[in-house]
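This report concerns only the one structure given below.
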Amino acid sequence: MPELPEVETIVRDLRKKIINQRIADVLIFLPRAVQGDPDIFVRILKGNRFSDISRRGKLLIFSLAKGADKLLIHLKMTGQLVYCHQGRLIAGGHSQADFDRHLPNRHTRAGFVFADHARLYFNDLRTFGYLRLASGQELARELDKKFGPEPLSRQFNAIYLARAAKDRKISIKGLLLDQKIVAGIGNIYADEALHAAGIFPGRAAGRVNARQMEKLVAASKRILRQAIKYRGTTFNNYVDADGQRGHFYQHLKVYNRADQPCLACGHLLRKTRIAGRGTAYCPACQH
DNA sequence: CTTCTTGTTACTGA
DNA sequence: ATCAGTAACAAGAA
């Protein structure tokens, strides 16, 4: 379940490893993981170099040294990008106890071989993730259309969120999960932010008051920053570019803690379904 | 066998 | 046109 902190961790790691390395070979193990013509995909990437790596919401964006195209990678729920030196093929993270720690394994969908023999593998158990080439213009149009502000930017503030929520009956959690409203928050961090702000996730967005909006925005930013610091949350599948787990899991206060005591008030946390997602909350401190 | 898991999009009906 | 709710997608785990 890579959300913003997990994707940000991967971006930062990969920047140190593969920038300006010549791409000697492109491996496609599952053709449908690559959107568009696989031959064109290979032709554009082979011999090229990644000149920069960035992220918008949960979407990874690889700029290329040659040509105007960008490589876009979305990890969806179970995608991993794991970098390996030659002879170091270890990747942990899948819940099945230590199965296939060698790469590529049966969940490896694509890969890049660099001139120094290092490799970057795209693994994806459930095959919802994808790799895609897009022109700069195509990408700009898509980002404009489908992505709201970054949650850690100044544009994401209480006034903005209150305006987006005005007169809307959708749950406040549903609003946070809508990537067009704010890009990068997923199920884990939505639950955590709402708990920290003391807001019931099912409350109609339009009925969250200004003071609560302030708390919610501040909590979202604080929690996302903290999660980046701990290199993300590994619940079952996520690993960073070195195949290592994230350590924010032990800082989660509500996600996956249903029936355990609220760390703020001691009341037992509950689990329900809101915005079509499993939702953990404290019935005593969230209203 | 059924139910649950999640990011995103398509679809449905209001 | 906009909004909100839900199914679908895949490959498992329990």
Side-chain angles (χ1 to χ4, degrees), chain A residues 1-8 10 29-35 55-61 72-81 93-100 105-110 122-132 134 139 141-143 145-148 150-151 163-194 201-208 224 227 232-239 246 248-249 252 254-259 270-280:
Chain A
M1 293 143 282
E3 304 178 28
L4 186 150
E6 292 75 32
V7 177
E8 179 66 22
I10 293 170
F29 301 98
L30 179 73
R32 67 179 162 82
V34 175
Q35 296 186 351
R55 160 194 78 68
R56 186 76 172 81
K58 305 165 191 169
L59 182 68
L60 288 127
I61 303 169
L72 310 181
I73 299 183
H74 203 301
L75 302 173
K76 290 289 180 90
M77 280 97 69
T78 56
Q80 305 175 332
L81 279 170
H94 284 297
S95 56
Q96 304 150 55
D98 283 29
F99 103 97
D100 259 14
N105 62 34
R106 64 186 160 113
H107 297 319
T108 304
R109 311 308 182 190
F122 172 71
N123 304 324
D124 187 15
L125 184 147
R126 282 163 68 182
T127 70
F128 274 22
Y130 62 82
L131 301 85
R132 173 161 85 92
L139 173 63
R141 226 179 303 127
E142 183 165 323
L143 292 183
K145 201 175 82 181
K146 296 184 188 168
F147 290 70
E150 285 288 319
R163 195 167 290 162
K166 192 172 186 310
D167 296 331
R168 291 196 61 178
K169 293 182 173 68
I170 189 181
S171 64
I172 185 66
K173 173 165 177 175
L175 197 76
L176 285 183
L177 292 177
D178 184 344
Q179 304 297 298
K180 291 189 279 299
I181 302 295
V182 55
I185 296 178
N187 208 30
I188 296 174
Y189 299 107
D191 278 7
E192 293 297 315
L194 286 160
R203 171 173 282 269
R207 302 194 52 181
V208 176
L224 291 171
T233 301
T234 297
F235 177 54
N236 51 24
N237 198 261
Y238 165 76
V239 292
F248 195 66
Y249 185 81
L252 296 177
V254 283
Y255 187 83
N256 204 42
R257 291 196 66 247
D259 304 320
R270 268 189 212 150
K271 179 148 194 187
T272 182
R273 203 164 185 83
I274 291 170
R277 294 289 165 239
T279 300

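Just so we're clear, the structure is a prediction, and the values are computed from it rather than from any experiment. Below, chain A is the first sequence line, B the second, and so on; all start at residue 1.
An OP1 or OP2 oxygen of C:dC3 is reached within less than 4.0 angstrom by no side-chain nitrogen or oxygen of A:Arg168. Side-chain N/O atoms of A:Lys76 include none lying less than 4.0 angstrom from OP1 or OP2 on C:dA8. Applying the 4.0 Å criterion to OP1 and OP2 of B:dG7, one finds that A:His74 has every side-chain N and O outside that range. Applying the 4.0 Å criterion to OP1 and OP2 of B:dT9, one finds that A:Lys146 has a side-chain N or O inside that range. Applying the 4.0 Å criterion to OP1 and OP2 of B:dT8, one finds that A:Gln179 has a side-chain N or O inside that range.
Ionic pairing of A:Glu8 and A:Lys58 is not present here: no N-O contact between side-chain nitrogen and carboxylate oxygen is shorter than 4.0 angstrom. A:Asp124 and A:Lys76 are not joined by a salt bridge, as no carboxylate oxygen comes within less than 4.0 angstrom of a charged side-chain nitrogen.
Taking atom CZ on A:Arg277 and atom P on C:dA7, their separation rounds to 12 Å, with Å as the unit. A:Leu60 has its CG atom 15 Å from the P atom of B:dG7, to the nearest Å. Atom-to-atom, CG of A:Leu59 to P of B:dT8 comes out at 9 Å; the value is rounded to the nearest Å. We find that CD1 of A:Ile274 is positioned 17 Å from C1' of B:dC4, with the value rounded to whole Å. Rounded to a whole Å, the CG atom of A:Leu30 is 11 Å from the C1' atom of C:dA10. Atom-to-atom, CZ of A:Arg273 to P of B:dT5 comes out at 5 Å; the value is rounded to the nearest Å. Spacing between atom CZ of A:Arg109 and atom C1' of C:dA10 amounts to 9 Å, rounded to whole angstrom units. Atoms CG (A:Leu75) and P (C:dA10) sit 19 Å apart, rounded to a whole Å.
Listed for the A:Glu150 side chain is a donor-acceptor partner under 3.5 Å among the backbone atoms of A:Gly57. A donor-acceptor contact shorter than 3.5 Å is absent between the side chain of A:Arg56 and the backbone of A:Leu59. Looking only at distances, no side-chain donor or acceptor of A:Arg277 sits under 3.5 Å from a matching main-chain atom of A:Gly186. In this structure, the side chain of A:Gln179 engages the main chain of A:Gly184 through a donor-acceptor pair within 3.5 Å.
Scanning all heavy atoms of the two residues, the minimum distance from A:Ile181 to A:Arg168 falls at CD1-NH1, 4.1 Å.
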Base-pair map of DNA chain B as dot-bracket, where | denotes pairing with a different strand and pairs are Watson-Crick or G-U under 3.5 Å: .||||.||||||||
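The listed nucleotides are B:dT5, C:dA8, C:dG12; the one nearest the side chain of A:Tyr255 is B:dT5. Ranking C:dC9, B:dT8, C:dA4 by closeness to the A:Ile170 side chain, first place goes to C:dA4. The side chain of A:Arg32 lies closest to C:dA10 when the candidates are C:dG12, B:dT8, C:dA10. Closest to the side chain of A:Phe128, from the set B:dT5, C:dC9, C:dA4, is C:dC9.
For the C1' atoms, the distance linking B:dT8 with C:dA13 amounts to 22 Å, nearest Å. Using P as the reference atom, B:dT9 and C:dG12 are 24 Å apart when rounded to the nearest Å.
Within 4.0 Å of A:Gly174, counting heavy atoms only, lies no atom of the nucleic acid at all. Within the nucleic acid shown, A:Lys180 has no heavy atom closer than 4.0 Å to any nucleic acid atom.
No hydrogens or angles considered: a donor-acceptor pair under 3.5 Å links the side chains of A:Lys173 and A:Thr279.
Mapped onto DNA chain C by nearest heavy atom, A:Gly276 and A:Thr127 fall at different nucleotides, with A:Gly276 at the one closer to the 5' end. Of the residues near DNA chain C, A:Ala275 and A:Arg126, the one whose nearest nucleotide (by heavy atom distance) lies more toward the 5' end is A:Ala275.
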